[in-house]
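Down below is the structure, laid out as structure tokens.
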Amino acid sequence: LSRIGSEGDHFAVLFAYSRSGNPTSAPSALTEVNIADGNPNYISYDGAVYNADGKNLVYCPAQKSLIQWKDGVETIGAYAFYKSAMHSLTIPGTVVSIGKSAFSGTQFTSLELPASVKTVEASAFFNSQLTNVVLSEGLERIEALCKKLGDPQKKPRFVHVAGTNGKGTTCTLIASVLTAAGYRTGLYTSPYVLDFRERFRIDGEMIPEAELIEEVKRVSPVADELEAAGDTVTEFEFITALAFDWFAQRDCDFVVLEVGLGGRFDATNVIDTPEAAAIASISLDHTAILGDTYAKIAFEKAGIIKKGGDVVLYPVQDPSVFETIESACNERGAHLHIPDEKNMQVNGTALTGTALTWRGLPLTLPFTGAHQVHNAATALTVLDVLREKHANITDEALQKGFASAYIPARMEILSQKPLVLLDGGHNPGCASALHEVLKTHLSGRHITAIMGMMADKDSMRYLELTAPHFERIITVQPQNPRSL
């Protein structure tokens, strides 16, 4: 390659100009390039190529998705994703500028830019498929949306739950017990498995279709009004505001609120100090957005900790997680509760569930695995906090609520003959949990796995932990633009 780059601008993107003037993508094996005019060498990182200090993403192979961004990247260079075949991308919150034609010819239809982005070249999205580009600005949009709806998030009492793994189970157990205790209890979770209405439940029942339609009619004009003023509401913000409004309209006593992603800037974090906050197991997932260490991810989760609040932390964590959460609690005058698992005894386990004793009280947990015992201890500690705040939760409500809890696609048994187990886990923490269940309950069995993953997940690490249990694996491609 006799020439890469041009006259000192930011066109050094590993596209070589042929004599016809048409750019040609560099071979994927290329890991170092000397720019003819003396610019720094370029380095390869996870399939993408950066300049020497790692601050400028200069090229991403057209057929590969970025599973992990380099720490501290500030610039997406000109033509970096030129004609990329990727369908989705999450830009980290360190990016400040986007170069000319950076996304020219891409197939993205929607892209969210973090609030850190200050400069976007005029041609950045030329000839792309983008129809929606949103600039994220923290919680301002969801605050404005809720305000126009009458601040419905200020009416119920909340339990707010963040975490990488187990937050759905923790939310389900808490909500089920509160319902059994006689409280009208809302439950907001994501994503859904079969029906969109799964996201919104009261006392275990999904929002009726007619009520969902009415809520959409109520929220849509308000969102349109904000968009007309230049603030485009994201899908998750819309859905979250809709949930708040429905729970308020139905006079819920409590709402158990699952964080969508992270915590600090998640739309659910628009609420005031909740009755209790919980942080479930933290694992390495969504690292492009939340960071690539336990401490960085814990920092984002700790964003739900409010001044003077009560926080329950899942008892088995990386040491850096404990340090980060404890530091956040000290800064905000919050009270940290870590479940004392000496109070928990496991009396028996099976694929169908776990028999427990909590402070001498027998409980039936309809979930299996050691991780679910930790989730149960976390939920029970949250319920202790609520009891201390005068919630009337009897032992009978604990027993009834635990026994009736249900959540789909978490090592769910679909059939006994033949045995069919469905699990929606997709990160190393989930893989480790599945590994333990298979080792404990299905060791030596002839197991066929049918597996599909998203391209932005650590599928190799997932397979390292689970593949030894399988006699064969049938790979499938999910019907999703992000699929592998």
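Taking CG of N375 as the start and CD1 of I174 as the end, the distance is 10.0 Å to the nearest 0.5 Å. Here CG of L421 is found 13.5 Å from CZ of R410. Values are rounded to the nearest 0.5 Å. For the atom pair L351 CG and L438 CG, the distance stands at 8.5 Å (nearest 0.5 Å). To the nearest 0.5 Å, the span separating OG1 on T352 from CZ on F367 amounts to 12.0 Å. With rounding to the nearest 0.5 angstrom, the CG atom of D231 is 9.5 Å from the CD atom of E227. To the nearest 0.5 Å, atom OG1 of residue T466 and atom CZ of residue R461 are 10.0 Å apart.
Here the closest non-hydrogen pair linking A376 and L173 is CA-CD1, 4.0 Å. Here the closest heavy-atom approach between residue D266 and residue G260 is recorded as OD1-N, 3.1 Å.
Counting heavy atoms of neighbouring residues, nucleotides and ligands inside a 6.0 Å radius, atom CZ of F196 exceeds 12 of them. Annotation for I413: atom CD1 counts as buried by contact number, over 12 foreign heavy atoms lying within 6.0 Å. Applying the 6.0 Å contact sphere to CD of E235 captures no more than 12 heavy atoms from other residues, nucleotides or ligands.
Side-chain contact annotation: T172 with Y406, donor-acceptor N/O pair under 3.5 Å absent. Using modelled atom types and a 3.5 Å distance limit, the side chains of H371 and N165 yield no donor-acceptor pair. Side chains of D458 and N427: no donor on one and acceptor on the other come within 3.5 Å. Checked by atom type, the side-chain pair Q153/D151 shows a donor-acceptor distance below 3.5 Å. Counting only N and O atoms by type, the side chains of T354 and T349 include no donor and acceptor under 3.5 Å apart. Side-chain polar atoms of K306 and N269 form a donor-acceptor pair below 3.5 angstrom. Looking at T94 and E74, their side chains never bring a donor and an acceptor atom within 3.5 Å of each other. No side-chain donor-acceptor contact under 3.5 Å links E237 and T240. In this structure, a donor-acceptor pair under 3.5 Å is present between the side chains of H160 and T268.
Between E258 and T170 there is no side-chain heavy-atom pair separated by less than 4.5 Å. Using a 4.5 Å heavy-atom cutoff, the side chains of L212 and W246 are not in contact. Residues D224 and V233 form no side-chain contact, since every pair of their non-hydrogen atoms from C-beta on lies 4.5 Å or further apart. You'll find the side chain of V316 reaches within 4.5 Å of the side chain of H374, heavy atoms only. I282 places a side-chain heavy atom less than 4.5 Å from the side chain of Q317. Within the 4.5 Å cutoff, no side-chain heavy atoms of R199 are placed close to those of M206. For the pair R264 and F299, the minimum side-chain heavy-atom distance is below 4.5 Å.
Note on E471 versus R445: no salt bridge recorded, every NZ/NE/NH1/NH2 to OD/OE distance being 4.0 Å or above. In summary, D272 and K154 engage in a salt bridge, as defined by a charged side-chain N under 4.0 Å from a carboxylate O. The pair D203-R250 does not count as a salt bridge, with every side-chain nitrogen at least 4.0 angstrom from each carboxylate oxygen.
Between F244 and F158, a ring centre-to-centre spacing shorter than 6.0 Å is recorded.
Taking the centre and axis of the six-membered ring of F254, the NZ or CZ atom of R157 falls inside the cone set by 45° and 6.0 Å.
Residues that satisfy the ring-ring contact (aromatic ring centres under 6.0 Å, His included) test with H435, not counting sequence neighbours, are H469. Taking the salt bridge (Lys or Arg N to Asp or Glu O under 4.0 Å) definition, one finds that K147 meets it with nothing, sequence neighbours left out.
Of the possible donor and acceptor atoms, one in the side chain of K389 sits under 3.5 Å from a partner among the backbone N and O of E275. For the pair D195 (side chain) and R197 (backbone), a donor-acceptor distance under 3.5 Å is present.
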